[in-house]
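The structure under discussion appears below in the form of structure tokens.
All heavy atoms count here, side chains included; hydrogens, waters and symmetry mates do not.
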Amino acid sequence: MTQNHPSSEQQRILQTIHAIPIGQVATYGLIAKLSGLPGKARYVGYILKSLPEGSSIPWHRVINAQGKISFPEHSEVYREQKQRLLAEDVIFKGHKIPLKQYLWKQSS
DNA sequence: TTAGTGACCGACT
DNA sequence: CAGTCGGCCACTA
């Protein structure tokens with residue numbers, strides 16, 4: 001199978017992100033895995049980067065595997081993401097979110 | 001077509 | 001705990 005509908009992959013990813021409950025977060029890698037695209041964490045990042053302005057996608061609930069926001073600490077977008085998370089009562093330990101305790105079903 | 005670039009990840013110092 | 005490193009793969013110039 002050499003043909004693949006590119007947009008369907010994106011939609012699966014966006015759908016997965018959209019399903020993240022308020023007050024919870026998920027890593028890029030987990031999003032990819034739950035979307036049936038294991039190993040394509042960077043793809044998730046790429047899609048979020050190219051997300052339209054007024055999108056209803058809760059992009060702020062996506063963080064990296066280190067439990068941190070994937071933006072330069074001093075950037076404006078970093079502050080916005082952190083602000084949105086704090087507004088949902090997501091707890092930060094310094095600059096990190098304690099995944100072990102708050103991350104979305106770590107399954108396993 | 002090739003080479004460079006990431007809103008990444010896991011294993012390993 | 002903090003760095004490095006190699007792998008990953010869609011996208012772009």
Side-chain angles (χ1 to χ4, degrees):
Chain A
M1 187 170 79
T2 53
Q3 281 292 4
N4 215 22
H5 289 223
S7 62
S8 86
E9 295 186 343
Q10 293 197 10
Q11 288 189 341
R12 289 215 303 283
I13 290 175
L14 292 178
Q15 185 177 0
T16 300
I17 296 175
H18 199 272
I20 304 175
I22 295 176
Q24 295 191 296
V25 297
T27 65
Y28 296 88
L30 181 60
I31 296 292
K33 177 178 285 186
L34 292 177
S35 301
L37 301 168
K40 298 193 180 185
R42 308 193 76 145
Y43 189 33
V44 174
Y46 169 80
I47 292 173
L48 287 182
K49 181 178 63 175
S50 55
L51 210 56
E53 188 72 24
S55 175
S56 60
I57 299 298
W59 56 270
H60 59 284
R61 305 209 258 255
V62 185
I63 62 179
N64 62 36
Q66 304 166 44
K68 299 194 295 184
I69 290 175
S70 290
F71 282 116
E73 195 185 309
H74 302 295
S75 67
E76 195 57 43
V77 60
Y78 175 96
R79 276 192 288 277
E80 183 181 349
Q81 182 169 9
K82 183 168 185 177
Q83 189 53 227
R84 288 191 180 211
L85 289 174
L86 288 174
E88 297 183 355
D89 296 315
V90 171
I91 295 178
F92 279 77
K93 290 287 188 182
H95 291 235
K96 299 182 184 175
I97 298 173
L99 290 186
K100 315 267 186 181
Q101 301 163 26
Y102 286 86
L103 188 55
W104 197 18
K105 36 185 169 180
Q106 193 51 274
S107 65
S108 77

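- Relative ring orientation between A:His95 and A:Tyr78 is described as tilted, the plane-to-plane angle lying within the 30° to 60° band.
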Could I get a table of every N or O pair under 3.5 Å where one atom is in the protein and the other is in nucleotides 1-6 of chain C?
| unit_1 | atom_1 | unit_2 | atom_2 | d |
| --- | --- | --- | --- | --- |
| C:dA2 | OP2 | A:Lys96 | NZ | 3.3 |

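- A donor-acceptor pair under 3.5 Å links the side-chain atoms of A:Ser35 to the main chain of A:Ile31, judged by distance alone.
- Between the CD atom in A:Gln24 and the CD1 atom in A:Ile97 there is a gap of 11.5 Å [rounded to 0.5 Å].
- In this structure, A:Glu9 does not pair ionically with A:Arg12, as no charged nitrogen and carboxylate oxygen lie closer than 4.0 Å.
- A salt bridge is defined here as a Lys NZ or Arg NE, NH1 or NH2 lying under 4.0 Å from an Asp or Glu carboxylate O, and A:Arg61 with A:Glu88 meets this definition.
- Here A:Tyr28 contributes atom OH and A:Ile17 contributes atom CD1; the two are 8.5 Å apart, rounded to the nearest 0.5 Å.
- Look at CD1 on A:Ile47: it is 12 Å from P on C:dT12, rounded to the nearest Å.
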- Note on the structure: Protein-proximity profile, nucleotides 6-13 of chain B, B/S/- by nucleotide at the 4.0 Å heavy-atom cutoff, equals BBBSS---

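- Looking at A:Phe92 and A:Lys82, their side chains come closer than 4.5 Å, going by heavy atoms from C-beta outward.
- A salt bridge links A:Arg84 and A:Glu80; the closest N-O separation between the charged side-chain nitrogens and carboxylate oxygens is under 4.0 Å.
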